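If you're wondering where the values come from, they're calculated on a predicted model, not measured in any experiment. Below, chain A is the first sequence line, B the second, and so on; all start at residue 1.
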2 protein chains.
Amino acid sequence: MAGSGTPRATQAERRARSRNALLEAAARGLSRYGYGNLVLAKVAAEAGYTRGALYHLFAGKEELALAVVEWVDETWTAEVGRPAAAEADPVGALLALARGHAVYCRRDVARVMRTLHAEFAGQDHPVGRAIGGIVERLVAQAAERIAAGRASGALPPGPPPRDTALAYIGTLEGLVSSVAGRVPHDVELTERAVRGLLGLPSGGGPEHGAAEAEGQSGSGSSPRR
Amino acid sequence: MAGSGTPRATQAERRARSRNALLEAAARGLSRYGYGNLVLAKVAAEAGYTRGALYHLFAGKEELALAVVEWVDETWTAEVGRPAAAEADPVGALLALARGHAVYCRRDVARVMRTLHAEFAGQDHPVGRAIGGIVERLVAQAAERIAAGRASGALPPGPPPRDTALAYIGTLEGLVSSVAGRVPHDVELTERAVRGLLGLPSGGGPEHGAAEAEGQSGSGSSPRR
DNA sequence: TAACCTACGTACATGCATGTACGTAACTGA
DNA sequence: TCAGTTACGTACATGCATGTACGTAGGTTA
């Protein structure tokens, strides 16, 4: 930081700095324009380089996008996924993840996941598969948490865990990209939607004693262990 | 239809038939690949024509996309917007719109709005402006209904109506594209999320018999043990 | 039937973005 | 200092998709 102008820079530093700048510019570009409309010359220019530097650090457009996806996945996991996983009970984790995601998505870079997921939905492209794998992982994890919450009685019954988990992830993707940055309501709105999805009473207000007197006789799918 | 071989066809009929086929193929293509990745030759081929027909019926790619947007908007308004607007109270309209949207989006064509909205978000493109105008109209209408519902006491207080409306529309876009086609849970999950967003208790309330006949959760969920 | 218009196919021209080859400046180790 | 490597810029080649010009078959009006 102190080195004004950075007159001296080791090769590794130069490489890391350039790679990081390009990665960030690419992330911004991807979240704004998507993969197909992304122009590498503009990415490089926005990072202060030309395509030469880009092709020196990345094999091509595809590898650049994959690197961006990996990078975003890592930061997301560190800032959202891991803290949520630290929650004791599964329901708390689901809510913490939703809130954390809303905060995370205040940066425009975060929209890259939603943009690419939409662009490659039902496609057969390496980048699409990477995104699909990440989303699938999140859906499976959410489904487990939903099943566990229902088994313990923390959650009322509802549609199959996997369908509910799909809705949960889809809600996060869509809702957050709409209200991203409308601080501070983004978090509250996200939590409201997720609570409704899971069948939880609204959080901020008075504790509605869940008057869900549901006899578990036959109807509904009971997750058995 | 079903005219055996259609040996005779008036010019207007030919034109309308071709235009419709191209429009539908374009809608499918747009919802799958987005605008940038859409290849007009494939659109024409899928409709049983070549680019010649397409350029005869439409001025170009942009006008084709605009026509698709207009077409989808019209069908959506007829099948979802208008029935919802027939609801007496604003809250009923919000819920009816959500349910109707879930049903509407079981057709893959419906994803065209979400796909294009994501692709052109924060862009300056004619197609993006068209989508933006439609979405903005929906958001404004939802905001009005939310404000009216709160004023009448039908809805509890919450974040500003406009922010809530943004979340409402974003939820519909994201959630539905994830659970689209997971009949019949798509409707229930959509209603759950929207109810949570608006601060309404879960559907088992005294009014508004959900009447959601439990369907066989026939989707072969993973038999986890 | 003849002339005219419309629907559609085919072939060409253009632009733009990717990828690659190569040149040059900066850093590294002796 | 000097050779070797790394970081990056520049120039060229290629492919692909759009848009346009033109040709032909099918329908229309007299």
Going through the distances and angles, do A:Lys42 and A:Arg51 end up as a side chain to side chain contact (heavy atoms under 4.5 Å, CB included)? CA-CA 9 Å; A:Lys42 293 202 173 188; A:Arg51 293 190 313 125; over 6 Å; no
May I ask you to evaluate whether [X] reaches the phosphate of [N], defined as a side-chain N or O under 4.0 Å from OP1 or OP2?
| X | N | value |
| --- | --- | --- |
| A:Arg15 | D:dA7 | yes |
| A:Ser18 | D:dC8 | yes |
| B:Thr10 | D:dT28 | yes |
| B:His56 | C:dC8 | no |

Polar side-chain atom of B:Arg111 near backbone of B:Ser31 as donor-acceptor pair, under 3.5 Å: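 A pair under 3.5 Å: yes.
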Using a heavy-atom cut-off of 4.0 Å across all strands, would you classify B:Leu57 as base, sugar-phosphate, or nothing?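 Touches sugar-phosphate only.
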How many Å lie between [atom1] on [X] and [atom2] on [N], as a whole number?
| X | N | atom1 | atom2 | answer |
| --- | --- | --- | --- | --- |
| B:Asn37 | D:dC16 | CG | C1' | 13 Å |
| A:Glu13 | C:dA26 | CD | C1' | 14 Å |
| B:Tyr49 | D:dT24 | OH | P | 22 Å |
| A:Leu54 | D:dT6 | CG | P | 19 Å |
| B:Gln11 | C:dT6 | CD | C1' | 5 Å |
| B:Phe58 | C:dA7 | CZ | C1' | 14 Å |

With sugar-phosphate taken as primed atoms, P, OP1 and OP2 and all else as base, the protein-contact string of nucleotides 18-25 of chain C at under 4.0 Å (heavy atoms; B, S, -) is BBB-----
Exercise: identify the closest heavy-atom pair between B:Arg192 and A:Leu198: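 Reported closest heavy-atom pair: NH1-C, 3.5 Å.
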Do you know which two heavy atoms are closest between B:Glu87 and B:Ala96, and how far apart they sit?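 Smallest interatomic distance, heavy atoms only, reads CG-CB, 3.8 Å.
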What's the closest nucleotide to the A:Ala53 side chain, out of C:dC8, D:dG9, D:dT6?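 Closest of the options to the side chain of A:Ala53: D:dG9.
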Stepwise side chain to side chain contact (heavy atoms under 4.5 Å, CB included) check, B:Val43 with B:Leu38: CA-CA 8 Å; B:Val43 170; B:Leu38 186 73; 3.6 Å; yes
Counterpart residues, salt bridge (charged side-chain N to carboxylate O under 4.0 Å, His left out), relative to B:Glu119 (two or more places apart):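 Once residues adjacent in sequence are excluded, B:Glu119 has no partner under the salt bridge (charged side-chain N to carboxylate O under 4.0 Å, His left out) criterion.
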Listing request: all ring-ring contact (aromatic ring centres under 6.0 Å, His included) pairs with a residue in residues 12-37 of chain B, at least two apart in sequence or in separate chains.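 Counting only pairs at least two positions apart or across chains, the ring-ring contact (aromatic ring centres under 6.0 Å, His included) contacts touching residues 12-37 of chain B are B:Tyr35-B:Phe120, B:Tyr35-B:His125.
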